[in-house]
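What follows is one structure encoded as structure tokens, with my remarks underneath.
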Number of protein chains: 2
Amino acid sequence: MAKMAVRKMVERQTGVALWRQIADRIRLAISNGDYDATGMVPPEMALAREFGVNRHTVRSALAALAEEGLVRAVQGRGTLIERKERVTYPISRRTRFSQGLGRQVKEIGSKLLDHREVPASHETAAPLGLSPGAPLIELRTVSSGDGRPLSVAVGYFPADRFPKMAEEYARLGSVTKAFAAQGLDDYVRVSTEIVARHADTDELALLKLSPGAIILEAQAVNADLEGRPVEYSRTRFAADRMKLRIET
Amino acid sequence: MAKMAVRKMVERQTGVALWRQIADRIRLAISNGDYDATGMVPPEMALAREFGVNRHTVRSALAALAEEGLVRAVQGRGTLIERKERVTYPISRRTRFSQGLGRQVKEIGSKLLDHREVPASHETAAPLGLSPGAPLIELRTVSSGDGRPLSVAVGYFPADRFPKMAEEYARLGSVTKAFAAQGLDDYVRVSTEIVARHADTDELALLKLSPGAIILEAQAVNADLEGRPVEYSRTRFAADRMKLRIET
DNA sequence: AAAGATTTGTCCGTATGTATA
DNA sequence: ATATACATACGGACAAATCTT
């Protein structure tokens, strides 16, 4: 495979440092499996030629990726790839968080960050079919796969119908089980909206991301089988660790 | 409204210049409608306080947004918001590109960048259910709404079944119509995968984005009513102009 | 086993960009 | 517009670890 350097695939004076642009490109190449043949990143000099930059600039990029735990440099050998998987998260009419990831990661962690009762805002009332001011239970959770944080989510539930949502979630560690404990045996996804944007500082901290990282946000409404909304949630995924699959 | 800055909402020494981080935040706030009350961005000094930076840094950020055509600074008055909409792109079993956007933009432009016949790679053969090496027609297109580029797409079609794909698309300006002209009256979306990542230089140029911008990429397979794949496409949306809605 | 080639690690210095005051 | 501090990027030289011949 003759690797013809197309060259100059990074741009200067744009407010984004070259080393960060290059780190992003290498991270993408790793997750695409471009380096699977050797299990290693190409030598620093080769990358420097490919991107048309100095070797030191490539080193800065690789240092950032090493900091993320994505690669590990070994003197005299090269830079080994430590991790490359992108977890696929399925979205269907019967989307269940834990279930979809079950086969891809050995251990799923769900932690309840906090919870409180809040009045519905315009933003939260509309998708739930309630009037602004109606009592909601707000749950903030962070989920991880094999120890790596994958998503932070905030969920809103009608407080009059599911008064024990927080307690049951804390006890059972699953929205589906918490619903079941309160008499709701089944529910379906009625709508999902997806946007992508830069992470803010909260998200950087919770998901252990490096600045400039991208968030894939899914805003979802779940309803019972009669069509009454039971949950409005905003789940923020670390974009470089996840892929969403839509099953229609 | 008193949006008290709890702390610094931008971070230093991360490879992303402060002015660019701030530009990204303001762009997000605009598209969220945070400034709809006044139709203007807050004064430079207020923004400087909010982000904990010097006023000159905010000015650099606003200059970048003005360059994008998103805002316009008027001496003595403030910085006016010129544009703020995020177009919603619906994804369902019957996804049709032009149709979904029809109500949101007045004028849809679709331009065929180039086309060629290529042998299927491993990447393109698998979703189409073909063997690597099978002849495919590759179409690269860019689409815009009201003059603003929204997406670039590359589509792969089995060349033996749709030999005139490029000509018909060029003539009709729509994949659906090009299919119909070749005897395929109906097709459905069978799978969609979504990832988010940074734009590369090609995408920056084609979509008229500024470096560091985010791409929402949808990898889709369409099939005829017998389930035989007829198209594999990768559509790259400018993330700050689009929202994807999944209808299940 | 020894020598040479390859690859990462570290040090020097210089110029430019970013951010504050 | 000026001055200052630090981050970014480049260029070269050499050391240290590993692999190949």
Side-chain angles (χ1 to χ4, degrees), chain A residues 1-3 5 7-27 29-30 34-82 198 201 204 210-213, chain B residues 5 7-27 43-68 73 75 198 201 204 210-213:
Chain A
M1 128 115 159
K3 221 176 289 192
R7 199 176 7 158
K8 198 128 187 201
M9 312 183 70
V10 285
E11 306 207 346
R12 290 150 207 266
Q13 275 139 304
T14 60
V16 182
L18 289 179
W19 64 262
R20 174 145 294 286
Q21 298 182 51
I22 291 167
D24 292 337
R25 306 287 304 261
I26 296 174
R27 192 193 298 104
I30 290 174
D34 292 359
Y35 306 139
D36 282 5
T38 58
M40 294 173 50
V41 171
E44 293 169 356
M45 284 304 291
L47 291 169
R49 259 198 316 279
E50 180 182 345
F51 293 115
V53 301
N54 191 275
R55 171 171 164 247
H56 295 302
T57 309
V58 170
R59 285 180 60 75
S60 298
L62 291 174
L65 296 177
E67 184 70 24
E68 292 177 33
L70 213 69
V71 301
R72 179 169 52 91
V74 178
Q75 198 174 133
R77 284 182 62 188
T79 304
L80 284 63
I81 294 169
E82 293 279 278
H198 288 99
T201 32
L204 291 179
S210 47
Chain B
R7 60 158 81 192
K8 278 191 292 235
M9 312 189 67
V10 286
E11 305 208 347
R12 290 148 206 265
Q13 280 134 305
T14 62
V16 183
L18 289 181
W19 65 263
R20 174 144 292 287
Q21 296 183 52
I22 291 167
D24 292 337
R25 306 287 302 256
I26 295 174
R27 194 193 296 105
E44 292 171 357
M45 282 306 292
L47 290 170
R49 260 199 314 279
E50 180 182 345
F51 293 115
V53 301
N54 193 276
R55 170 167 166 261
H56 297 305
T57 309
V58 170
R59 284 180 62 74
S60 299
L62 292 175
L65 295 175
E67 184 70 24
E68 291 178 35
Q75 223 177 87
H198 289 97
T201 30
L204 292 179
S210 48

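In this text the structure is predicted, and so the values were computed from the model without any measurement. All chains are named by letter (A, B, ...) in the order of the sequence lines, taking the proteins before the strands, and each is independently numbered beginning at 1.
- Summarising the geometry of B:F51 relative to B:I26, their closest heavy-atom pair is CE1-CG1, 4.3 Å, with the distance given to 0.1 Å.
- The separation between B:R49 atom CZ and C:dT20 atom C1' is 17 Å, rounded to whole Å.
- Across all their heavy atoms, A:R55 and A:E44 have their closest contact at NE-OE1, 2.6 Å.
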Mind listing the N/O atom pairs, protein and nucleotides 13-17 of chain D, below 3.5 Å?
from   : atom 1 : to    : atom 2 : distance (Å)
D:dA16 : O4'    : A:Q75 : OE1    : 3.3
D:dA16 : N3     : A:Q75 : OE1    : 2.9
D:dA17 : O4'    : A:Q75 : OE1    : 3.3

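- Atom CG in A:L62 sits about 14 Å away from atom P in D:dA9, given to the nearest Å.
- The CZ-P distance, from A:R20 to D:dA7, rounds to 15 Å in whole Å.
- Following rounding to the nearest Å, B:I22 (CD1) and C:dA19 (P) show an atom-to-atom distance of 8 Å.
- The listed nucleotides are C:dA19, D:dT8, C:dG9; the one nearest the side chain of B:A17 is C:dA19.
- The side chain of A:T79 contributes no N or O atom lying less than 4.0 Å from OP1 or OP2 of C:dT7.
- For the pair A:R20 and B:V16, the tightest heavy-atom approach, listed with the atom from each and the gap, is CD-CG2, 3.4 Å.
- Among all heavy-atom pairs drawn from B:A23 and B:A61, the shortest one is N-CB, 3.7 Å.
- Rounded to a whole Å, the CH2 atom of A:W19 is 19 Å from the P atom of C:dG17.
- The CZ-C1' distance, from B:F51 to C:dT20, rounds to 18 Å in whole Å.
- Under 4.0 angstrom from either OP1 or OP2 of D:dG11 there lies at least one side-chain N or O belonging to A:N54.
- In this structure, A:A213 and A:L204 approach most closely via the heavy-atom pair CB-CD2, 4.3 Å.
- Heavy atoms only, all atoms of each residue included: A:Y35 and A:I81 are closest at CB-CD1, 3.7 Å.
- An OP1 or OP2 oxygen of C:dT18 is reached within less than 4.0 angstrom by no side-chain nitrogen or oxygen of B:S60.
- With C:dT20, D:dC10, C:dT8 as the candidates, the nucleotide lying closest to the side chain of A:L18 is D:dC10.
- Counted within 6.0 Å of CD on B:E67, heavy atoms from surrounding residues, nucleotides or ligands total 12 or fewer; the atom is thus considered open.
- If you measure from atom CG of A:L47 to atom P of C:dT6, you get 17 Å, rounded to the nearest angstrom.
- One can place CD of B:Q21 at 14 Å from P of D:dA7, the figure rounded to the nearest angstrom.
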